[in-house]
Trainee: 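Below is one structure. I have some questions about it.
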Amino acid sequence: MKSGAFLPLQLATLVDAAPKGSGWVWEPKFDGYRLEAVLERGNIRLFTRSGHDWTDRFPDVATRLAGLGVRATFDGEVVILERGARSNFGRLQEYLAGQGKAKPSYVVFDLLTHDGKDLRELALRERRKQLQALLSRKLARGPRTVRLGTRLTGSPDALIKRACECGHEGIIGKREDDGYSAGRGQSWIKVKCGHRQEFVVLGYTDPKNSRIGLGSLLLGVHEDGALRYAGRVGSGFSDATLGKLHARLESLATTTSPLAERPAGLPRGVHWVRPKLLAEVSFSEWTRDGSLRHPVFLGLRDDKPVRNIQREEPAVSRTSKKRTAATASEKDASVSGVEITHPDRVVYPELGLTKLDVARYFERVASRMLPHVAGRPLSLVRCPEGSSEQCFFQKHWVGALPDTLESVGITQSDKAKHPYVVVRDVKGLVTLAQWGVMEVHPWGAQADAPEKPDRIFFDLDPGPGVKWAAVREAAQGVRALLEELGLASWVKTSGGKGLHVVVPIERRSTWDDVADFAKGVAVHLATHFPDRFIAKASKAAREGVIFVDWLRNTRGATAVAPYSPRARAAAGVSMPLSWRALGKLTAGDEYTIVTVQNAPRTPRDPWHEMLQHPPRLTAAMKRRLTVSR
């Protein structure tokens, strides 16, 4: 054995369930960089699993290891640990980028050599015994930059359940009686919480709306020696990450696709890059067509060779066979008694959300969404092939109407009556998902009295350069003005970049009354606070100010419904909030289909009092606005 040389590391095989029986020891699966530490005559070198020297990247770890004064080769992982010993890969990435204050630690879990002796043929229990004897006294004092890895106690099933509940990546199982063998085998196994692996970055799409840098990353894996498309990821990026990543991708630009063959469903306007970068991504599962569901970007990795990136398949147990069969049986699916055809069609490509996901989302929120959409004429944003393809705004239903929907005829400017869709129950909402509806826009009046509006909408649309704190303050300012006029208001996110303030009123006013009042509020704000508000729809004048869009209150105009998704890459949701919760909100699209679907149900609807005793809009209120201008 050459002194101070890198030794190939042993790797764990992914399995879908922990094996039963004795002879296994269990350790936490860390979320960091696997590094081999070679200590030789006062010098220290840190090697990645592919043999690259990363000593300079972690100087504090290297200094602490050198100070141990031992001659040895350790196997371990560099991590940043949070409460509950949970490792945070994102903070580790920030550290490497020169950001963040958290410091990494090196967790040692194996001893490969000591004083020139190769220990790899020894059983794990013996290597562990020597490792503890070597480090227990030396790590007793000084900073915890180097730590001895811990063992977990309990049944494997209980351990993986606890790990997942606490936000850990999973657990590692090792056979106590086996030696240390380079490469991947059955002596070491890993059981993960959900799915997570590295992907080759193939290209990216342009950003939309207020997003910067890029829209999503196109991902691939190697299969039979060629790169195959695995879907795309558009979630998990901060603005800082988007900017830096875009600059790095531009340096790798190419006009040629790195894919062996072009798959169906690729977005338009893809920017291809040379396959040099690896992205680590978490996701819920693979779809039947080989794409990712619910992917989230975790960070870039450069500690593994691109050529080795393949689809990670766990060893299959009886449990997973049953699960696979159940998934495959969802060729057609039923949600609330409504048949969903093509349930696996991906409609939010950046997140891997399917048509079935949208239908289940509508089912989940129906009890709180229906009071705000049921019995109202609806305009719909339909995207039959998903949010990245051609979408269209549909006011009038064309063709046969499903039994689960109703319609109401409303006279239009051509003096003829045209049918608007009306939903009554959860089946109606789910039917909208079946028909490719991704946004629901109700009238501010009910179908039985379409000429008597009962809601007033103010859409606060921030222009370029407006900080989010200013948008929150603007909503509070609108609320205060309305309270002075005797009107209570409620707030919700837009699902995009702004906020909506909504006022319920008695069904006594005309559309002209409501539009004149809403315009008066907007003009009042723009007159008294011209550095913060604008009442005109001119995009050229919106720099640094918030447009108070009052035009949603004219006859036939609509605003996106509470709890409705948006047909945008981030799958934002127009989420009702309490005014108290507004102070903690960080963005207009903070709530998404995924976060709402996965979050525990709040015990109380923040808009539960909205429909109780709405006030009457009076001429005196409008006069007060006119006088104060």
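Keep in mind that what you see is a predicted model, and the values were worked out from it rather than measured.
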Trainee: Do the charged groups of Asp302 and Arg57 touch, with an N to O distance under 4.0 Å?
Mentor: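 So Asp302 pairs with Arg57 through a salt bridge.
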Trainee: Run through Lys174, Arg34, Arg49 and flag the one making a salt bridge (charged side-chain N to carboxylate O under 4.0 Å, His left out) with Asp75.
Mentor: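 Single salt bridge (charged side-chain N to carboxylate O under 4.0 Å, His left out) partner of Asp75 among Lys174, Arg34, Arg49: Arg34.
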Trainee: Between OG of Ser181 and CG of Leu9, what distance do you get to the nearest 0.5 Å?
Mentor: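 If I round to the nearest 0.5 Å, the distance is 12.5 Å.
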Trainee: Please report, to 0.1 Å, the donor-acceptor pairs under 3.5 Å made by any side chain of residues 243-251, with sequence neighbours excluded.
Mentor:
residue, atom, partner, partner atom, Å
Ser251, OG, Arg248, O, 2.6

Trainee: Mind checking the NE2-CZ spacing from His114 to Arg71? Nearest 0.5 Å is all I need.
Mentor: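 Rounded to the nearest 0.5 Å, the NE2-CZ separation comes to 9.5 Å.
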Trainee: With Phe74 as reference, evaluate Leu135, Leu112, Asp110, Val38 under the side chain to side chain contact (heavy atoms under 4.5 Å, CB included) test and give the passing residue.
Mentor: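 Among the candidates, only Leu135 passes.
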Trainee: Is any side-chain heavy atom of Arg262 closer than 4.5 Å to one of Ser257?
Mentor: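 Heavy-atom side-chain distance check fails, nothing below 4.5 Å.
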Trainee: Per the side chain to side chain donor-acceptor pair (under 3.5 Å) rule, what does the pair list look like for residues 129-139, sequence neighbours excluded?
Mentor: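 Sorted pair list: Glu126-Gln130.
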Trainee: Strictly under 6.0 Å, is that where the ring centroids of Tyr563 and Phe362 end up?
Mentor: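 No, they do not, as the ring centres are separated by 6.0 Å or more.
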Trainee: Of Phe89, Phe47, Tyr106, which meets ring pair (Phe, Tyr, Trp, His ring centres under 6.0 Å) against Tyr33?
Mentor: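 Among the candidates, only Phe89 passes.
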Trainee: Quick one: do the Asp53 and Thr55 side chains pair a donor with an acceptor below 3.5 Å?
Mentor: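 Side chains of Asp53 and Thr55: pair found under 3.5 Å.
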Trainee: Consider only side-chain N and O atoms of Asp357 and Thr354, and report whether a donor and an acceptor are under 3.5 Å apart.
Mentor: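 Distance-only check passes for Asp357 and Thr354.
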Trainee: If you count heavy atoms of other groups shown closer than 6.0 angstrom to CG of Asp56, is the number above 12?
Mentor: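 No, CG of Asp56 has 12 or fewer neighbouring heavy atoms, counting only those of other groups under 6.0 Å.
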Trainee: Quick check on side chain to side chain contact (heavy atoms under 4.5 Å, CB included): which of Val200, Leu259, Thr205 does Leu218 satisfy it with?
Mentor: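 The passing option is Thr205.
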Trainee: So that I can tick it off, tell me whether Glu36 and Arg45 are bridged by a salt bridge, with the cut-off set at under 4.0 angstrom between side-chain N and carboxylate O.
Mentor: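 Not counted as a salt bridge, because no side-chain N and carboxylate O are separated by less than 4.0 Å.
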Trainee: Do Val79 and Leu92 have side-chain heavy atoms sitting under 4.5 Å apart?
Mentor: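 Result no, sub-4.5 Å side-chain heavy-atom pair not found.
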